[in-house]
Structure formats: structure tokens, C-alpha cells
Amino acid sequence: MSATKTAKKKTAKKFYGPDVYKRNEHGLLENVDYVFNEDGSVDWRAMIKPEFLYPNKGWFDARNKPLPTSPEGLDDKQLLIMLGGIKELARLRGFKSVNFDTDNVSDGHVKSTCHIHWIENYESSGSTISYEDVANATLDNTDSFTSKFLETIACNRAFVRCVRNFLNIHIVGADEIDKSKGAGQAVEADAIATPVTPVELLMKTLREKHGVDSFESCKDVLRDLWKSEKYRNEEAKIWGSFSDIPAKEARKLIVALNK
């Protein structure tokens, strides 16, 4: 009688929760496959999971183009990223703390500054880095529902902007865009908050006259102004958000846009 062989039963390795958050000597999570740029830095854009991206309806509507059914093949300026995707990026990079300074500028106008203290990693030469960014929420850039939660919306927008600008992500956050379009917001005209700074006035001009609802779209306008010689500023190439535009330059841009 021939001997029969019995397959050995494989025992699955027990998954231990804290292992998910272990980092190596470079400050990177051990269980994550990172994508890197040619200069050796992490390609954070490539780390965004597809399920967190979708077509930016406002971008296509402003140009009278049909809305794609999938984000596949779209440029960054044609996309939006969900808050969940931003949270995932922040977790992958690693942070020590997230703090907010929120200010009720006026009735119906809330400004929030997000401060993030990022953990040390090889990209920061082993040092912690602090980074902050600013966003606002007003009755003029929220819909009838979200206008009831201006503080929360302002904080979400500031958080999204802080994470993506620090990680060099050029996709606008879904929480950052103007939600008032087509919303039929039921508020009295005199109750709507008006822009109080040159940059806010610039954003309003871009939105109402040029269909611009993100800083990425604003870059396209800046390029057009450069080509037409209506406005030129070498410093514009380092602006990463509306908050980077000096008040003096915002006034000049408003004049150029109204010509």
C-alpha cells in the first residue's frame, strides 16, 4: 500500500493592529508601498486612492463641457478630492498635532487657520515641521445647508488646504469649492456677507466673471493675463493658494480682470 501524503495546514499570521502604524528609520509606514519622485521625495499625488477622486463638475460646467463619468485620465485641475482622501494622506505622512484658530470675522463670515505639526521623516532631514493655511466660509460661498455650519466648513477647508499644499497636491478639495452655485440659498440680500479683503474681492471677481472656483483654475487665468500682458508678476509662480497673494497684487489683478 502506497503512503498517502497529507498537506500541512497553513496557519494564518495573526494580524496585530499596532503593526499598521509602525514606521521605519525614514519616518515611513512599514506596511505601505510608497511611490517616489525622481528626486527621491514621496510622490504624494500618486498616493491618493482612486476612490477618493471624482470629476470637478464646476470646472466642466464653466467651460460648457460634458461631465465625465470617471476621474480616469483627467488632469488634476479637472478633479476634486474627498475629505477622506486628505485624511488618508495626513495619516500616511504622519503628524503630531492639528490645531485650529477660528475667528468670526463678521456675521456670516468665519475664518479658520489650520496648524499642523508634522512628524520628522527623511524629507525633513529628521526634523518636525509646522505648516499652516487659511480658509473661510461665508453665506456667499456655502449653500443653504452648509451655511448653518460655517465654523465647521471653514475648519474643514483650512485642513484640506493645509494638507494638500504642504504635500504639493494640486487637486482641489471638495470641501474648498464654492457650494453656493445653483443652491437657491434662501437668505435676505442684505444678510449676505460681502468680501472684506482684497483677496476675497479677487476671488469673488474670478468666480462671478470668469467661472473660477479654485486656485488651480486661477492659475489658468494668470497665464492668460501674462500672455496678454495685462498682468505680469514673476512671484506669481510661487503662489500655492489664494492666501499667498499679497493684498497689493490682488488689487492689481482685480483691475486687470475688469479691463
Side-chain angles (χ1 to χ4, degrees), residues 13-53 71 75-77 79-103 111-136 152 154-176 199 214-216 218-219 233-246:
K13 182 179 180 180
K14 187 176 180 180
F15 183 77
Y16 187 51
D19 288 339
V20 175
Y21 297 96
K22 281 186 177 180
R23 294 183 180 271
N24 59 26
E25 68 274 19
H26 305 299
L28 304 180
L29 290 169
E30 293 183 348
N31 71 319
V32 173
D33 292 325
Y34 288 84
V35 180
F36 299 92
N37 296 306
E38 291 183 359
D39 64 1
S41 61
V42 176
D43 184 349
W44 296 105
R45 165 65 180 88
M47 301 298 293
I48 303 172
K49 295 178 180 178
E51 58 261 36
F52 290 123
L53 299 173
D75 294 334
D76 286 356
K77 63 185 178 183
L79 295 168
L80 291 177
I81 180 172
M82 300 177 189
L83 180 59
I86 295 294
K87 290 180 177 179
E88 176 71 6
L89 286 175
R91 184 188 74 82
L92 292 175
R93 174 56 178 80
F95 56 89
K96 292 182 179 292
S97 64
V98 178
N99 300 290
F100 296 91
D101 291 329
T102 305
D103 179 27
K111 181 181 74 172
S112 180
T113 303
C114 177
H115 312 262
I116 300 182
H117 298 281
W118 302 95
I119 66 169
E120 57 276 5
N121 77 354
Y122 79 98
E123 292 176 307
S124 63
S125 300
S127 301
T128 57
I129 296 179
S130 295
Y131 187 82
E132 67 179 45
D133 219 317
V134 181
N136 71 2
T152 301
C155 288
N156 281 350
R157 289 175 173 176
F159 173 72
V160 169
R161 189 165 296 173
C162 191
V163 172
R164 72 179 187 83
N165 283 338
F166 177 73
L167 297 180
N168 200 31
I169 303 297
H170 302 304
I171 303 174
V172 176
D175 292 79
E176 292 181 272
V199 173
S214 70
F215 187 72
E216 286 305 308
C218 175
K219 287 183 178 180
N233 182 358
E234 292 288 349
E235 296 297 318
K237 61 186 178 183
I238 65 173
W239 295 342
S241 67
F242 284 112
S243 60
D244 292 334
I245 303 177

Hey, are Ser125 and Ser127 close enough side-chain-wise for a donor-acceptor pair under 3.5 Å? no

Output, in order, the C-alpha distance, side-chain angles, deciding distance and verdict of side chain to side chain contact (heavy atoms under 4.5 Å, CB included) for Ser112 and Thr102. CA-CA 4 Å; Ser112 180; Thr102 305; 3.7 Å; yes

Can a donor-acceptor pair be found, under 3.5 Å and without considering hydrogens, that links the side chain of Tyr34 to the backbone of Met47? no

Among Ile48, Ile171, Ile86, which residue meets the side-chain contact (heavy atoms from CB on, under 4.5 Å) test with Arg164? Ile86

Does the side chain to side chain contact (heavy atoms under 4.5 Å, CB included) test come out yes or no for Val98 and Phe159, once each step is laid out? CA-CA 9 Å; Val98 178; Phe159 173 72; 4.2 Å; yes

Check Asn165 against Gly240 and note the closest heavy-atom contact, atom names and distance. OD1-O, 3.4 Å

Looking only at heavy atoms, which two atoms of Ala135 and Ala158 are closest? And how far apart? CB-N, 3.4 Å

Heavy-atom distance under 4.5 Å between the side chains of His170 and Lys219, does that happen here? yes

Donor-acceptor pair, side chain of Arg45 and main chain of Ile169, under 3.5 angstrom: no

For the pair Arg161 (side chain) and Glu132 (backbone), establish whether a donor and an acceptor sit closer than 3.5 Å, ignoring hydrogens and angles. no

Evaluate the side chain to side chain contact (heavy atoms under 4.5 Å, CB included) criterion for residues Lys77 and Val172: first the C-alpha distance (whole Å), next the side-chain angles of each, then the deciding distance (0.1 Å), finally the verdict. CA-CA 7 Å; Lys77 63 185 178 183; Val172 176; over 6 Å; no

Any donor-acceptor pair under 3.5 Å linking the side chain of Asn121 with the backbone of Glu123? yes

Once the angle between the rings of Phe95 and Trp118 is folded into 0 to 90°, is it parallel (under 30°), tilted (30 to 60°) or perpendicular (over 60°)? perpendicular

Where the side chain of Glu176 meets the backbone of Ser214, is there a donor-acceptor pair that is under 3.5 Å apart? no

Testing the basics here: between Ile81 and Leu89, what is the closest heavy-atom pair and its distance to 0.1 Å? CD1-CD1, 4.4 Å

Okay, side chain of Tyr122, backbone of Gly40: is any donor-acceptor separation there less than 3.5 Å? yes

Those residues at least two apart in sequence (or on a different chain) that pass side chain to side chain donor-acceptor pair (under 3.5 Å) with Asn24 are none

Main-chain N/O of Leu167 paired with Tyr131 side-chain donor or acceptor, under 3.5 Å: no

Test your reading of the model: is there a side-chain donor-acceptor pair from Asn233 to the backbone of Glu235, 3.5 Å cut-off? yes

